[in-house]
Amino acid sequence: MAVTILIPTALRAFTDRKAEVEVEGGTAGEAIAAFAGAYPDIRNHLYDDGGNLRSFINIYVGEKNVKNASGLETPVPDGETVMIVPAIAGGKAPAPDCGARSNDKGRRP
Amino acid sequence: MILVSGDVERHIRAEGEKWYPDECCGFLLGQIDESGRRRVEDILPVPNAGQAEERHHRFRIEPDDFMRAERQARLRGLDVIGFYHSHPDHPATPSEYDREQALPFYSYVILSVRRGASAEISSWELSGDRALFNHEELECAAQHRARKRRY
């Protein structure tokens, strides 16, 4: 079944700047594996050394996060979209404990 | 370089002040031209999904919000080119935690908010090997006009 992978901007350097590509796959896992097979340089950004999807990567089938469905076994209907969504976080450092140690703030390379 | 219009800059500053003393966060929607220059056309504020007691020094964006931002950007012919967040009573420079959590390519705009008033604003980009957060030149439209007048 043909599904469309929607690629976040950060990963388009590995897909010849394409924002979406069509692959074959009946589940979310199959679709992502087919995508990684088509663009091997992207594999390390999606999978860890054990071949598991990296923890900060979320996969959506349509508008549903597969973590809230059947994971990578989540079925993908023909013509549906599969989106790769990275987790985003950050923030200033915690305040020092009673001034006993400096925090890790403000690092300018 | 990343270009920010006056309206966008004001919007980021207003968000930082609105959520003080917590950190605010959101998406930068825009375009990247062939020379690699980035232009922010709009921002998309989202709730800081961090735990309530952590929001004064941490932010987290829900994957669902990212999914919706990506879809909205595509519908508008734009891309998610980065994120903004505030540092309440703290410099507009990335923390080690910022670096650890960041992804290459994206612009990370940081706004300092001091005693509830927005202060300096800066932009940063993670190096490809994740080792450094490099300062990215941020040009606001108002500054751009002022510079043109001087010359």
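Within every chain, numbering begins at 1; the chains are lettered A, B, ... in the order of the sequence lines, protein sequences first and strands thereafter.
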Working to the nearest 0.5 Å, report the span between CG of A/L11 and CZ of B/F105. 10.0 Å
By a 4.5 Å heavy-atom criterion (distance strictly below it), what part of A/L6 contacts chain B: side chain, backbone, both, or neither? both
Rounded to the nearest 0.5 angstrom, the CG-OG1 distance for B/L28 and A/T9 is 10.5 Å
Looking only at heavy atoms, which two atoms of B/P104 and A/A10 are closest? And how far apart? O-CB, 3.8 Å
Contact winner vs chain A - B/H85, B/E54, B/R74, heavy-atom pairs under 4.5 Å: B/R74
A/G91 to B/S95 - nearest heavy-atom pair and separation: O-OG, 2.6 Å
Report yes or no: do B/W19 and B/Y84 belong to one cluster of Ile/Leu/Val/Met/Phe/Trp/Tyr joined by side chain heavy-atom distances under 4.5 Å? no
When hydrophobic residues are tied together by side-chain contacts of less than 4.5 Å, even through go-betweens, does A/L72 share a cluster with A/I5? yes
Any chance CZ of B/R55 has more than 12 other-residue heavy atoms, nucleotides or ligands included, within less than 6.0 Å? yes
Please classify the contact of A/A13 with chain B as side chain, backbone, both or neither, using a heavy-atom distance under 4.5 Å. neither
If hydrophobic clusters are built from ILVMFWY residues whose side chains come within less than 4.5 Å, do A/V21 and A/L46 share one? yes
With sequence neighbours excluded, give me every ring pair (Phe, Tyr, Trp, His ring centres under 6.0 Å) pair touching residues 40-83 of chain A. A/F14-A/H45
CD1 (A/I7) and CG (B/D79) are apart, to the nearest 0.5 Å, by 11.5 Å
Return yes if some donor-acceptor pair links the side-chain N/O of A/K92 with the main-chain N/O of B/P88 below 3.5 Å, else return no. yes
Got a second to check how far A/R17's CZ is from B/I32's CD1, nearest 0.5 Å? 6.5 Å
B/F59 versus chain A, the contacting section by heavy-atom distance below 4.5 Å: both
With chain A as the partner chain, list the residues of residues 60-73 of chain B whose heavy atoms fall under 4.5 Å from it, by residue number, and write 'none' if nothing qualifies. B/R60, B/I61, B/P63, B/D64, B/F66, B/M67, B/E70, B/R71
Count the heavy atoms belonging to other residues, nucleotides or ligands that lie under 6.0 Å from CD of B/Q51, then report whether that count exceeds 12. no
Which heavy atom of B/Y106 sits nearest to which heavy atom of A/P86, and what is that distance? OH-CG, 4.5 Å
